[in-house]
Amino acid sequence: MRYSIFNLLRQALAGHSGWGPAWRDAEPKRSYDVIIVGGGGHGLATAHYLAKVYGIHNVAVLEKSWLGFRQCRTQYHHHSV
């Protein structure tokens with residue numbers, strides 16, 4: 001599915017029932033160059049930094065929830081107090 005404002009509005013009116021998976025369930029590799037524990041803002045920024053500055057692309061980011069979820073939840077919590 002293409003992402004556009006029109007598709008977003010259409011999906012919102014349909015109760016977001018037509019969205020397909022945006023990513024695949026990848027099988028873990030046998031080895032990684034780097035493993036980052038924690039997929040919040042700092043973990044994702046670290047993975048991005050390693051790729052951009054050092055060219056390290058064989059990275060696993062481990063998170064028990066959704067990637068970036070804790071960062072969003074924490075910011076929302078602080079703003080809603």
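Residues passing the side chain to side chain contact (heavy atoms under 4.5 Å, CB included) test with Y49 are V53, Y54, sequence neighbours excluded. Checked against side chain to side chain contact (heavy atoms under 4.5 Å, CB included), I5 has the following partners two or more places apart in sequence or in another chain: L8, L9. For L44, the side chain to side chain contact (heavy atoms under 4.5 Å, CB included) partners at least two apart in sequence or on another chain are V61, L67.
Between G39 and E63 the shortest heavy-atom distance is N-OE1, 2.7 Å.
Here CD of Q11 is found 10.0 Å from OG of S4. Values are rounded to the nearest 0.5 Å.
Put simply, the side chain of V59 reaches to within 4.5 Å of the side chain of I36, judged on heavy atoms. Between N58 and V34 there is no side-chain heavy-atom pair separated by less than 4.5 Å.
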